Amino acid sequence: MAQVAPHRLTIRQIADLAGVSIATVSRVLNGRDDVADETRDLVTRVIRENGYTANRSARGLSAGRTGLVGVLVPLIYPAYFSSILAGAVEALSEQDLRVVLSPTEHQHDREVSLLDRLMHGLTDGALIVMPEESSSELERLVDGGYRFVVVDPIMPLAERIPSVSAAHASGAHQAMRHLLELGHHRIAAITGPPGWVATEDRRRGYHSALAAAGILPDPAVEVEADFEIPGGRRAAQALLERQRFETLRIELGTRLVVRESTGPPGR
């Protein structure tokens with residue numbers, strides 16, 4: 001059986017020769033520091049002895065893949081999105097894949113255009129964070145055979161659309177239980193835009209914790225906001241103003257009751 005030319009070796013063959021995983025070879029090739037020195041030396045020696053070079057273009061053509069995965073995010077700078085991006089880069093790197101970063105700025109048309117480019121030969125798949133597309137639009141991607149996963153959908157999606165979401169309901173419930181156990185009973189909530197999956201899930205967790213404690217929800221202490229910092233500040237300010245008004249109303253009512261019970265001055 002003819003031997004495979006050294007430069008035609010795949011990353012899997014290098015991993016087999018070194019007796020390590022593909023992810024370990026990928027880490028060595030990418031200069032990662034989370035590989036033991038002994039393992040790094042072994043993989044490096046196998047690569048050098050076999051003349052391996054990471055020819056991504058050739059591998060992509062032979063396998064019908066690009067080795068690239070699109071990541072569509074509304075914005076890059078908030079910690080929420082940058083943390084997701086960092087995790088995606090880490091996981092994909094372990095599979096010898098790279099990211100095509102595509103910020104959408106929360107613009108539906110821009111997102112549709114970017115996805116159209118990504119799915120027609122530019123990438124092998126995509127992560128779509130908080131997509132602007134409707135469930136029916138995303139279903140068309142599924143029907144077209146494009147591989148993708150939605151991260152934290154804004155609106156409810158059809159079951160056939162692969163998605164991953166944060167545990168909004170249980171997280172809100174646990175936060176409320178903590179506050180209730182500290183002895184607090186009048187607990188306000190700043191929610192997101194109505195109808196959003198995260199908003200309704202968090203509201204459900206908030207209400208379930210109140211119900212478990214036998215407390216009726218008070219609409220006066222629930223304030224809607226967007227998920228931007230200025231919007232949250234405005235909502236918090238509105239709550240504080242309501243609290244000041246409520247405190248003043250109670251103080252005035254108490255003074256009035258005391259005055260009525262003691263009678264007018266000089267009597």
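In this text the structure is predicted, and so the values were computed from the model without any measurement.
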Looking at [X], I'd like to know if its [atom1] atom is crowded, meaning that more than 12 non-hydrogen atoms belonging to other residues, nucleotides or ligands lie closer than 6.0 Å.
X      : atom1 : value
Arg110 : CZ    : yes
Arg242 : CZ    : yes
Asp37  : CG    : no
Glu38  : CD    : no

Heavy-atom check, side chain of [X] versus side chain of [Y], under 4.5 Å:
X      : Y      : result
Leu180 : Ile187 : yes
Leu97  : Leu68  : no
Glu222 : His207 : yes
Pro74  : Phe81  : yes
Val71  : Val100 : no
Gln237 : Arg233 : no
Ile84  : Val151 : yes
Ser113 : Asp116 : no

Which atom of [X] lies closest to which atom of [Y], heavy atoms considered:
X      : Y      : answer
Pro194 : Glu224 : CD-OE1, 3.5 Å
Ala225 : Gly231 : CB-O, 3.6 Å
Gly195 : Pro156 : O-CD, 4.3 Å
Ala220 : Leu239 : O-CD2, 4.3 Å

Rounded to the nearest 0.5 Å, how far apart are [atom1] of [X] and [atom2] of [Y]?
X      : Y      : atom1 : atom2 : result
Leu72  : Ile128 : CG    : CD1   : 6.0 Å
Ile22  : Ile11  : CD1   : CD1   : 6.5 Å
Leu127 : Ser102 : CG    : OG    : 11.0 Å
Arg204 : His173 : CZ    : NE2   : 12.0 Å
Arg45  : Leu17  : CZ    : CG    : 11.5 Å
Glu105 : Ile76  : CD    : CD1   : 8.0 Å

Side chain to side chain contact (heavy atoms under 4.5 Å, CB included) for Leu101 and Leu85? Distances and angles first, verdict last.
CA-CA 9 Å; Leu101 182 59; Leu85 177 60; 3.9 Å; yes

Is the backbone of [Y] close enough, under 3.5 Å, to the side chain of [X] for a donor and an acceptor to pair up by distance?
X      : Y      : answer
Arg98  : Val69  : no
Thr44  : Arg40  : yes
Asp124 : Gly67  : yes
Asp152 : Ala166 : yes
Thr199 : Pro193 : yes
Thr104 : Gln107 : no
Ser83  : Ala79  : yes

With side chain to side chain contact (heavy atoms under 4.5 Å, CB included) as the test, would you mind laying out the steps for Val99 and Leu92 before giving the verdict?
CA-CA 8 Å; Val99 162; Leu92 292 171; 3.5 Å; yes

Does the side chain of Arg203 pick up a donor-acceptor pair with the side chain of Thr191 at under 3.5 Å?
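Thr191 and Arg203 do have a side-chain donor-acceptor pair below 3.5 Å.
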
Evaluate Leu115 against Phe148 for side chain to side chain contact (heavy atoms under 4.5 Å, CB included), listing each step before the verdict.
CA-CA 10 Å; Leu115 269 173; Phe148 68 95; over 6 Å; no

Side chains of residues 129-141: which donor-acceptor pairs under 3.5 Å do they make with residues two or more places apart or in other chains?
residue, atom, partner, partner atom, Å
Glu132, OE2, His106, ND1, 3.1
Ser134, OG, Ser136, OG, 3.0
Ser134, OG, Glu137, N, 3.3
Ser134, OG, Glu137, OE1, 3.4
Ser135, OG, Ala158, N, 2.9
Glu137, OE1, His108, NE2, 3.0
Glu137, OE1, Ser134, N, 2.8
Glu137, OE2, His108, NE2, 3.0
Glu139, OE2, Arg160, NH1, 3.3

Is [Y] reachable from [X] through a run of I, L, V, M, F, W or Y residues, each pair having side-chain heavy atoms under 4.5 Å apart?
X      : Y      : value
Val164 : Trp196 : yes
Val35  : Val43  : yes
Met176 : Leu216 : no
Val73  : Met155 : yes
Tyr80  : Val89  : yes

Begin from the C-alpha positions of Arg12 and Val25 and carry the test side chain to side chain contact (heavy atoms under 4.5 Å, CB included) through to its verdict.
CA-CA 9 Å; Arg12 181 179 296 279; Val25 176; over 6 Å; no

Begin from the C-alpha positions of Arg177 and Glu181 and carry the test salt bridge (charged side-chain N to carboxylate O under 4.0 Å, His left out) through to its verdict.
CA-CA 6 Å; Arg177 280 186 55 190; Glu181 288 170 359; 3.7 Å; yes

